[in-house]
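Scroll down for the structure; my scribbles are underneath it.
It should be emphasised that the depicted structure is a prediction, and the values quoted were computed from it without experimental measurement. A note on names: the letters A, B, ... follow the listed sequences, proteins ahead of strands, and every chain is numbered from 1.
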Protein chains: 2
Amino acid sequence: MRRFKRSIIDTNEPPPLRLSKFLPYRISVAAESVSRAFAARYEAEFGLSIPEWRVMAVLGEGAPLSTQAVIAATEMDRVKVSRAVIRLADKELVTRAPHPEDQRAQVLRLAPQGEALYRRIVPRAHALQAELAEALTPEEIVLLGGMLERLRRRASRLLGEDGGAG
Amino acid sequence: MRRFKRSIIDTNEPPPLRLSKFLPYRISVAAESVSRAFAARYEAEFGLSIPEWRVMAVLGEGAPLSTQAVIAATEMDRVKVSRAVIRLADKELVTRAPHPEDQRAQVLRLAPQGEALYRRIVPRAHALQAELAEALTPEEIVLLGGMLERLRRRASRLLGEDGGAG
DNA sequence: GACGTATCATCTCATATGAGACGATTCAAG
DNA sequence: CTTGAATCGTCTCATATGAGATGATACGTC
């Protein structure tokens, strides 16, 4: 039997894995807590789900957007966006118009009521974010933003590498 | 009319809100990307969902645990844990025994097949985490862990403050 | 001991999610 | 123009989720 350099690797025991220290777990738990808190506020104060709020947010930035642009800007899939837009249209917060250059597509924009609600939400959203951000220093916030973006890209690459083409 | 230092605040327009810069949004998007990537791997390579993997992970740390201990250790709700345990028991990866001091409760531990699978998963999980962590420096990883924990606590407080008692 | 309340894991049910199907429309190639 | 593949937003359907109900058990008070 060949002899290798003695090391912990030689034993049958795997190196320990503490779930509580595991990065994907920690990100998921933190994100879920934050989403829960914000979802509860948006629902209680404005009657909006998070997907609905995201659509409002990107349309509130000013320019009318195609559904595809909203999908890209909110990082949500087309079904989620479709359903959020349907609900927002039912509430008369968003209008859907035919796209002038493509009859399959739509142009979305905030309806007057939507603009009014948007103006009410924005300061509240800023305040809530500020409350959350009290957990961090301003430098940490900047650093966190960069890290999250890098993690997102790396994770997308990881996903794409294996069974990507289902 | 009193005159304030001229600033954008004086106008009727709310301060702009860019969704893409919004902290809760960025955390959510990053976490979703990471979860998706890891869920795909666990499913493809081991046939486990993330809730199932989490239960395996905490039981694999060694000691048998009550269901309540698993709920606490995995930060999942009791329904999610219950279902994950049922599936793991069906696959004969986990055993359920009556709790010696409380007939309502159970003691969970890895079955022999579960231990074998656990030993296969651990190095893979470490490798996947390492691949993800390549997006960050070692110092950033430590800092990120602390920030996520502080955000989680702050978010829990935010949630508890309003409609907490539903 | 008997009773009422609390907690255990599970079940029920209403909602959320997303992969794939779908009809409508666009575009590329002849 | 005609044809066929691609893309639009929505619908369908199977699965995931979690609040509340449920039956079993435990505990505190009498």
Side-chain angles (χ1 to χ4, degrees), chain A residues 28-29 31-33 35-37 39-40 42-44 47-55 64-90 94-109 159 163-166, chain B residues 28-29 31-33 35-37 39-40 42-44 47-55 64-90 94-109 159 163-166:
Chain A
S28 173
V29 167
E32 214 170 301
S33 278
S35 286
R36 248 176 236 285
Y42 291 146
E43 172 59 35
L48 294 179
S49 69
I50 284 184
E52 286 164 27
W53 150 244
R54 284 190 186 175
V55 172
L65 296 175
S66 70
T67 300
Q68 287 303 316
V70 170
I71 289 169
T74 59
E75 300 256 3
M76 299 193 294
D77 68 276
R78 72 211 144 103
V79 181
K80 226 172 190 174
V81 170
S82 173
R83 288 198 263 242
V85 168
I86 288 171
R87 290 187 191 187
L88 290 171
D90 285 346
V94 159
T95 63
R96 289 178 284 186
H99 192 293
E101 293 164 9
D102 188 338
Q103 288 302 116
R104 297 167 302 181
Q106 302 175 334
V107 177
L108 307 174
R109 67 188 81 213
L159 181 61
Chain B
S28 173
V29 168
E32 215 169 301
S33 279
S35 286
R36 247 177 237 285
Y42 291 147
E43 172 59 37
L48 294 179
S49 68
I50 283 186
E52 287 164 24
W53 149 245
R54 285 189 186 176
V55 171
L65 295 175
S66 69
T67 302
Q68 288 303 314
V70 170
I71 289 170
T74 58
E75 300 256 0
M76 300 193 294
D77 69 273
R78 73 213 142 102
V79 182
K80 226 173 190 173
V81 170
S82 174
R83 287 198 264 242
V85 168
I86 288 170
R87 290 189 192 185
L88 291 171
D90 284 348
V94 159
T95 63
R96 289 179 284 186
H99 193 292
E101 294 164 8
D102 188 338
Q103 289 302 117
R104 298 167 303 181
Q106 302 175 334
V107 176
L108 307 174
R109 68 189 79 212
L159 180 61

Nearest-nucleotide pick for [X], side chain only, options being [options]:
X	options	answer
A/D102	D/dC11, D/dT17, C/dT25	C/dT25
A/R78	C/dT26, D/dT10, C/dT10	D/dT10
B/R83	D/dT17, C/dG18, C/dC11	D/dT17
A/E32	D/dG18, C/dT25, D/dC11	D/dG18
B/P51	D/dT17, D/dG9, D/dA21	D/dT17

Just how far, in rounded Å, is [atom2] of [N] from [atom1] of [X]?
X	N	atom1	atom2	value
A/E52	C/dT17	CD	P	10 Å
A/E43	D/dA19	CD	C1'	14 Å
A/H99	C/dT25	NE2	C1'	13 Å
B/I50	D/dT15	CD1	C1'	16 Å
B/Q106	D/dA26	CD	P	13 Å
B/E75	D/dT17	CD	C1'	17 Å
B/Q68	D/dT25	CD	P	17 Å
B/D77	D/dA16	CG	P	14 Å

5' priority, DNA chain C, between A/Q103 and A/R87 [closest heavy atom]: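 Nearer the 5' end of the strand: A/R87.
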B/S82 side chain vs B/R78 backbone, donor-acceptor pair below 3.5 Å: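 Not a single qualifying donor-acceptor pair exists.
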C/dT7 base / B/R104 side chain donor-acceptor hit below 3.5 Å: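 Answer yes: a donor N or O sits under 3.5 Å from an acceptor.
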Residues A/R54, B/S28; criterion side chain to side chain donor-acceptor pair (under 3.5 Å); working and verdict: CA-CA 12 Å; A/R54 284 190 186 175; B/S28 173; 3.1 Å; yes
Trace of the side-chain contact (heavy atoms from CB on, under 4.5 Å) decision for B/D77 with B/I71: CA-CA 6 Å; B/D77 69 273; B/I71 289 170; over 6 Å; no
Evaluation steps, side-chain contact (heavy atoms from CB on, under 4.5 Å), between A/H99 and A/T67: CA-CA 10 Å; A/H99 192 293; A/T67 300; over 6 Å; no
Sub-4.5 Å side-chain heavy-atom contact between B/P100 and B/V107: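 Side chain of B/P100 against side chain of B/V107, heavy atoms only: contact under 4.5 Å found.
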Side-chain N or O of A/K80 closer than 4.0 Å to phosphate OP1/OP2 of C/dA16: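 For A/K80, the contact criterion (side-chain N or O under 4.0 Å from OP1 or OP2 of C/dA16) is not met.
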